[in-house]
*Asks:* 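Take a look at this one; I'll ask things after.
Both backbone and side-chain heavy atoms feed into the values below; hydrogens, waters and symmetry mates do not.
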Amino acid sequence: MGQSGRSRHQKRARAQAQLRNLEAYAAQPHSFVFARGRAGRGVRQLSLDLRRVMEPLTATRLQIRKKNTLKDCVAVAGPLGVTHFLILSKTETNIYFKLMRLPGGPTLTFRINKYTLMRDVVSSLRRHRMHEQQFAHPPLLVLNSFGPHGMHVKLMATMFQNLFPSINVHKVNLNTIKRCLLINYNPDSQELDFRHYSIKVVPVGASRGMKKLLQEKFPNMSRLQDISELLATGAGLSESEAEPDGEHNITELPQAVAGRGNMRAQQSAVRLTEIGPRMTLQLIKIQEGVGEGNVLFHSFVHKTEEELQAILAAKEEKLRLKAQRQDQQAQNVLRKREQREAHRKKSLAGMKRARAEASGDSDAEDPGAPPEGTGQREEEEDEAEYFRQAVGEEPDEDMFPKAAKRRRPAGPPGKKQRGRGQRPDRRDRRPPKAKGRPQRAQAKLERRGAAWEHRRGRARPPKKAV
């Protein structure tokens with residue numbers, strides 16, 4: 001295979017890998033995190049911290065204006081492949097957090113009893129561990145105490161699980177897991193603890209001096225005679241630098257993890273450092289749709305079986321009436337369409353019949369046809385007009401009996417006057433004929449003059465010399 005063949009093969013392989021990555025990215029859940037209404041500075045900062053938790057599968061620079069409604073957000077979310085809304089709002093008494101599943105629901109409404117921003121959590125730590133590479137992959141979700149406490153608890157667990165992409169434990173790359181999201185459910189208080197941690201993996205089984213050597217910064221060994229003093233006794237190191245590890249966080253690595261000493265099949269300790277934000281949530285209600293619909297669960301309102309049956313019957317009646325109105329509207333649309341089609345066919349038939357009558361195909365009398373003699377009268381009017389132009393005088397009455405007599409204006413000579421509201425004569429609107437006639441027009445006039453002489457039996461008056 002030549003160089004050009006190998007380059008084409010590499011390009012094709014890269015294109016296929018890019019397409020697979022795009023398809024996998026589109027299949028993952030995506031979210032919008034924003035605050036609505038007059039939330040205040042603290043709640044808006046909390047929404048920005050939640051975006052950091054949901055990265056990278058969220059809109060980091062999303063901006064929601066005051067005039068944008070929830071329907072606008074839903075309409076935009078469809079083409080972008082957004083599957084969840086995380087909405088924060090504030091009233092005079094409480095702060096609420098809504099988790100919505102698109103496009104058909106359900107909607108979980110939580111009340112935020114307590115919250116702490118990310119900057120406050122980080123500032124309280126002596127040594128925090130947070131960098132941008134940690135937010136290149138979604139966090140690992142850990143659910144605790146979501147047992148058989150009711151259908152609403154099971155629905156909450158399912159909603160939180162669908163917020164993040166699923167993980168195949170046999171194929172997952174441990175280097176992509178840099179953060180952890182812990183949600184703990186307390187059955188007694190019915191509250192949720194929302195915690196966000198940074199994950200660090202360090203080797204165990206080594207002395208404090210060896211751990212110090214494995215770090216990026218080396219200790220000060222100017223007072224030591226040999227490096228064995230550091231490895232054996234750990235001289236010059238404080239007890240606080242050695243974090244306590246135990247069976248609760250020590251595990252055997254199935255694969256190599258980024259970091260010095262984290263080899264495969266070696267014992268390492270997993271350490272968690274909280275980076276915020278913190279929230280204490282309490283479930284208020286569960287709705288069937290996106291921000292609306294039938295209430296499936298409510299923490300404070302409990303209805304009896306009779307009330308539920310009455311609500312269900314009212315809902316069914318409302319749906320029945322709606323279906324009835326839709327059927328009536330469909331029948332009206334069909335009836336109007338049939339009427340328009342019948343009217344169109346009738347109009348086409350009338351137009352066809354009118355054309356047939358005009359062409360003489362029908363024996364019926366045309367009510368719009370001109371009366372008999374109209375054509376002959378127009379012909380005599382044309383001949384009388386020609387006589388006036390040729391001779392310069394008015395013809396006698398017996399020469400053209402059917403032609404209308406030309407009326408002279410009663411006003412001063414040289415001006416044509418027309419009565420108010422009187423329609424001008426058709427002949428007056430004609431443009432004046434040119435003196436020099438073409439040969440075909442002259443021959444036509446000569447033939448017309450011969451026919452006129454033959455009809456009248458008298459000689460044609462001579463032309464007046466110009």
Side-chain angles (χ1 to χ4, degrees), residues 1 3-34 47-64 68 70-87 98-108 131-143 146 154-183 196-199 201 253-258 264 289-291:
M1 183 184 293
Q3 184 69 23
S4 60
R6 285 196 298 270
S7 62
R8 287 196 301 268
H9 179 71
Q10 292 175 359
K11 290 181 180 179
R12 190 180 302 110
R14 285 196 297 267
Q16 293 177 357
Q18 186 177 6
L19 181 60
R20 287 194 299 269
N21 293 336
L22 290 176
E23 291 177 352
Y25 181 78
Q28 293 176 350
H30 297 73
S31 61
F32 278 173
V33 184
F34 55 94
S47 67
L48 297 179
D49 293 346
L50 281 178
R51 290 184 186 179
R52 295 286 287 173
V53 175
M54 302 301 298
E55 285 184 4
L57 301 178
T58 187
T60 307
R61 299 182 180 180
L62 178 66
Q63 294 182 359
I64 302 295
N68 295 132
L70 185 59
K71 292 184 179 180
D72 299 336
C73 299
V74 173
V76 173
L80 297 179
V82 177
T83 57
H84 291 83
F85 280 175
L86 285 77
I87 305 175
K98 289 187 178 181
L99 178 60
M100 299 181 181
R101 170 70 178 181
L102 300 180
T107 300
L108 275 66
H131 48 82
E132 290 299 326
Q133 288 78 10
Q134 294 176 341
F135 300 94
H137 300 280
L140 174 67
L141 178 65
V142 178
L143 300 178
F146 282 83
K154 185 177 180 180
L155 182 58
M156 278 194 299
T158 305
M159 287 288 290
F160 284 120
Q161 287 175 353
N162 293 333
L163 271 177
F164 304 98
S166 59
I167 295 177
N168 189 349
V169 295
H170 301 287
K171 298 181 180 180
V172 65
N173 185 7
L174 296 181
N175 292 318
T176 61
I177 302 177
K178 298 295 183 180
R179 293 179 296 136
C180 173
L181 178 62
L182 173 63
I183 301 178
H196 187 211
Y197 297 97
S198 172
I199 299 178
V201 180
L253 296 179
Q255 56 183 266
V257 181
R264 182 179 179 182
V290 180

*Asks:* To the nearest 0.5 Å, what is the distance between CG on Leu48 and CZ on Arg61?
*Replies:*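 CZ of Arg61 is found 13.0 Å from CG of Leu48.
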*Asks:* Run the side-chain donor-acceptor check on residues 13-27: report pairs under 3.5 Å with partners two or more places apart or on a different chain.
*Replies:*
| from | atom 1 | to | atom 2 | distance (Å) |
| --- | --- | --- | --- | --- |
| Asn21 | ND2 | Ala17 | O | 3.2 |

*Asks:* Looking at every heavy atom in both Val290 and Gly104, which two are closest together, and how far apart are they?
*Replies:*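 In this case the closest contact between Val290 and Gly104 is CG2-C, 4.0 Å.
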*Asks:* How far does CG of Leu182 sit from CG of Leu140, to the nearest 0.5 angstrom?
*Replies:*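 It is 10.0 Å, given to the nearest 0.5 Å.
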*Asks:* Quick one: pull up CG in Leu143 and OG1 in Thr158 and give me the separation to the nearest 0.5 Å.
*Replies:*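 Nearest 0.5 Å value for the CG-OG1 distance: 9.5 Å.
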*Asks:* Tell me if a side-chain donor or acceptor on Ser31 pairs with a main-chain N or O of Phe85 at a distance below 3.5 Å.
*Replies:*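 Here the side-chain-to-backbone pair does not exist.
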*Asks:* Does Asn175 reach the side chain of Val257, with side-chain heavy atoms less than 4.5 Å apart?
*Replies:*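 The answer is yes; the side chains approach within 4.5 Å.
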*Asks:* Can you find a pair of side-chain heavy atoms, one from Asn162 and one from Pro29, that are under 4.5 Å apart?
*Replies:*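 With C-beta onward as the side chain, the pair stays apart.
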*Asks:* So Leu62 and Val33, side-chain contact (heavy atoms from CB on, under 4.5 Å) or not? Walk me through it.
*Replies:* CA-CA 8 Å; Leu62 178 66; Val33 184; over 6 Å; no
*Asks:* How would you list all residue pairs meeting salt bridge (Lys or Arg N to Asp or Glu O under 4.0 Å) that involve residues 155-182, not counting sequence neighbours?
*Replies:*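 Non-adjacent pairs meeting salt bridge (Lys or Arg N to Asp or Glu O under 4.0 Å): zero.
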*Asks:* To the nearest 0.5 Å, what is the distance between CZ on Arg52 and NE2 on His196?
*Replies:*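 Atom-to-atom, Arg52:CZ and His196:NE2 are 9.0 Å apart.
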*Asks:* Does some side-chain heavy atom of Val74 sit less than 4.5 Å from a side-chain heavy atom of Lys71?
*Replies:*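 A side-chain contact is absent here, since even the closest heavy-atom pair is not under 4.5 Å.
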*Asks:* Output the distance between atom OG (Ser198) and atom NE2 (His131), rounded to the nearest 0.5 Å.
*Replies:*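 Here the interatomic distance stands at 6.0 Å.
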*Asks:* Take Ile177 and Val172 through the test side-chain contact (heavy atoms from CB on, under 4.5 Å) and record every step on the way to the result.
*Replies:* CA-CA 9 Å; Ile177 302 177; Val172 65; 4.0 Å; yes
*Asks:* Please report the shortest heavy-atom distance between Leu174 and Gln255, naming the atom on each side.
*Replies:*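 Taking every non-hydrogen atom into account, N-OE1, 3.4 Å.
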*Asks:* Heavy atoms only: give me the nearest Thr107-Gly291 pair and the separation to one decimal.
*Replies:*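 Residues Thr107 and Gly291, closest heavy atoms: OG1-N, 2.9 Å.
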*Asks:* Tell me, with the steps shown, if Asn68 and Val76 meet side-chain contact (heavy atoms from CB on, under 4.5 Å).
*Replies:* CA-CA 11 Å; Asn68 295 132; Val76 173; over 6 Å; no
*Asks:* Run the side chain to side chain contact (heavy atoms under 4.5 Å, CB included) test against Pro106 and tell me which residues pass, sequence neighbours left out.
*Replies:*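 Scan of Pro106 (side chain to side chain contact (heavy atoms under 4.5 Å, CB included), adjacent residues dropped) gives Arg101, Leu108, Leu155, Met159, Ile286.
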*Asks:* Quick check: do Arg264 and Leu253 have side-chain heavy atoms less than 4.5 Å from each other?
*Replies:*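 A side-chain contact under 4.5 Å is absent here.
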*Asks:* Do Ile183 and Met156 have side chains that get closer than 4.5 Å, going by heavy atoms?
*Replies:*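 No, their side chains stay 4.5 Å or more apart.
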*Asks:* Determine whether Phe164 and Gln28 make a side-chain contact, defined as any pair of heavy atoms from C-beta on separated by less than 4.5 Å.
*Replies:*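 No. Closest side-chain heavy atoms not under 4.5 Å.
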*Asks:* Which atom pair, heavy atoms only, marks the closest approach of Ala59 to Arg51?
*Replies:*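 Taking every non-hydrogen atom into account, O-CD, 3.8 Å.
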*Asks:* Answer yes or no: is there a side-chain heavy-atom contact under 4.5 Å between Leu181 and Leu163?
*Replies:*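 A side-chain contact is absent here, since even the closest heavy-atom pair is not under 4.5 Å.
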*Asks:* Please give me the minimum heavy-atom distance between Pro56 and Ala136, naming the atom from each residue.
*Replies:*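 So the minimum-distance heavy-atom pair works out to CG-O, 3.5 Å.
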*Asks:* Just by distance, do the side chain of Ser47 and the backbone of Phe34 share a donor-acceptor pair under 3.5 Å?
*Replies:*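 No.
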*Asks:* Could you report the tightest heavy-atom contact between Cys180 and Pro139, atom names first, then the distance?
*Replies:*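 Of all heavy-atom pairs spanning Cys180 and Pro139, the closest is N-CB, 4.3 Å.
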*Asks:* Enter the distance from His30:NE2 to Leu80:CG here, rounded to the nearest 0.5 Å.
*Replies:*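 That separation rounds to 9.5 Å.
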